[in-house]
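Below: one structure, written as structure tokens.
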Amino acid sequence: MPRKDPKKYLIRQSNTLSFSRHNLNALEKRIVYLLISRIKPDDINFQEYSFTVRELLAGIEIGSDNHSYLRDTTESLLSKVYQIPTEDGGLLQISPISSAEYDKNNTTVSFSFDPKMRPHYLELKQNYTQFQLNIVIGLKSVYSQKLYEMAKSIANKGDPSVRHSLAEWRYLLFIEPEEYKLYADMKRYVFQTAQRELDEKTDIHLEFKEEKAGKRVNWLWMEVHKIDSEETRQAWTKQTKFNQLPKKVREGLLLNSGATGKHSLGDVSANAAARQKAIAEAEGMGLFDKKFDQPGQDDDPAEE
DNA sequence: TAAAGGGAACCCGGAAAAGG
DNA sequence: CCTTTTCCGGGTTCCCTTTA
């Protein structure tokens, strides 16, 4: 859908980068998104990328126009690190930008990149990830950002899914050992939050499948589904919200709708008809309206 | 510039469920 | 059954925004 919306800039980066571990917060990542979106597909080398402070603040959608706040953020950005696996099996540790320079009136900022970032942003021919700036710029959770990038990098594969141990997920998502010590918390605050946010704002739906060792969840599959229409979005959104209702509520609705066998209640594939009925029921009861406000400022892309 | 408001992130603990 | 793990409500903290 070609439209000349300036916010429809594309972001391209290597798949390797999409799966790289980093500790940028959501705001810092937004700045990087804006920068990358300025790179043109046929650029051979990095340029200096200049922004007015005003457009940058507007671009990352923070309410304040506090200049020192922006300086703090770019300063912090320079101290952050991407851990990028190299082709020979080594590891490149590199800052997402190499400099941020403010002019004397503090009205513009220019950014530059380390040349070693070239293979991840320039002359990309294959094994790269592409997505729209206007889709990712509105994501609030760093985990939504990271999972979305991973999802987009595999979305076109024959089998768009990936399986990692929880330890690997923690590594990739930069979750420290002392964070989310309980898997249940990691589930609801990392994976389910991202699942809801992506359903709502992006062209990707994520399905997660747990795999246990004994009663402990040890591996997690992430399946990527494309959202290509409003209907698809609605369907996935409702399913996600239904699955995230408290178990008691969910199972009650399922039984009411004619699902059989307590055993199969947790099985998404079983009782498909009853499931649809239960979802409609839950929606009718207003159980889905709890919250999730859209940051719905600027015009909605209104896909197709 | 400070205080108040609001919301997300995080932790805790009892109840429930799962696995053996 | 008993133990381990998960579920989940609710409380606290933290950060950012708004308001005074």
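As the structure is a prediction and not an experimental result, all values here were calculated from the model.
Taking a cutoff of 4.0 Å between a charged side-chain nitrogen and a carboxylate oxygen, Arg170(A) and Glu179(A) do not qualify as a salt bridge.
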Under the salt bridge (Lys or Arg N to Asp or Glu O under 4.0 Å) criterion, do Arg250(A) and Glu281(A) qualify, and how do the steps go? CA-CA 11 Å; Arg250(A) 201 169 62 235; Glu281(A) 184 81 3; over 6 Å; no
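Judged by distance alone with a 3.5 Å cut-off, a donor-acceptor contact links the side chain of Arg188(A) to the base of dG9(C). For dC11(B), its base sits under 3.5 Å from the side chain of Tyr189(A) at one donor and acceptor pair at least.
At whole-Å resolution of the value, CG in Asn25(A) and P in dC15(C) are 11 Å apart. Taking atom CD of Gln244(A) as the reference point, atom C1' of dG9(C) lies 16 Å away to the nearest angstrom. At whole-Å resolution of the value, NZ in Lys187(A) and P in dT5(C) are 16 Å apart. Whole-Å rounding puts the Glu179(A) CD to dC11(B) C1' distance at 12 Å. Between Tyr183(A) atom OH and dA17(B) atom C1' the separation is 15 Å, expressed in whole Å. We find that CE of Met186(A) is positioned 18 Å from P of dC8(C), with the value rounded to whole Å. Atom CG in Leu27(A) sits roughly 14 Å away from atom P in dA9(B) (whole-Å rounding). Taking atom CG of residue Leu182(A) and atom C1' of nucleotide dG13(B), one finds them 10 Å apart after rounding to whole Å.
Using a 4.0 Å heavy-atom distance criterion, Lys215(A) is classed as a base contact. When heavy atoms are screened at a 4.0 angstrom cut-off, Lys181(A) is found touching no nucleic acid atom at all.
Listed nucleotides: dA8(B), dA16(B), dC7(C). Nearest to the side chain of Lys248(A): dA16(B). Nearest to the side chain of Arg216(A), among dA8(B), dC7(C), dT6(C), sits dT6(C).
Across Tyr82(A), Tyr49(A), Phe113(A), a single residue satisfies ring pair (Phe, Tyr, Trp, His ring centres under 6.0 Å) together with Tyr121(A), and that is Phe113(A).
For the pair Lys247(A) and Asp185(A), nearest-nucleotide mapping onto DNA chain B gives the more 5' position to Asp185(A).
Taking the ring axis of Tyr171(A) as reference, the NZ or CZ atom of Arg21(A) stays within 45° of it and closer than 6.0 Å to the ring centre.
At least one side-chain heavy atom of Met222(A) sits under 4.5 Å from a side-chain heavy atom of Leu147(A).
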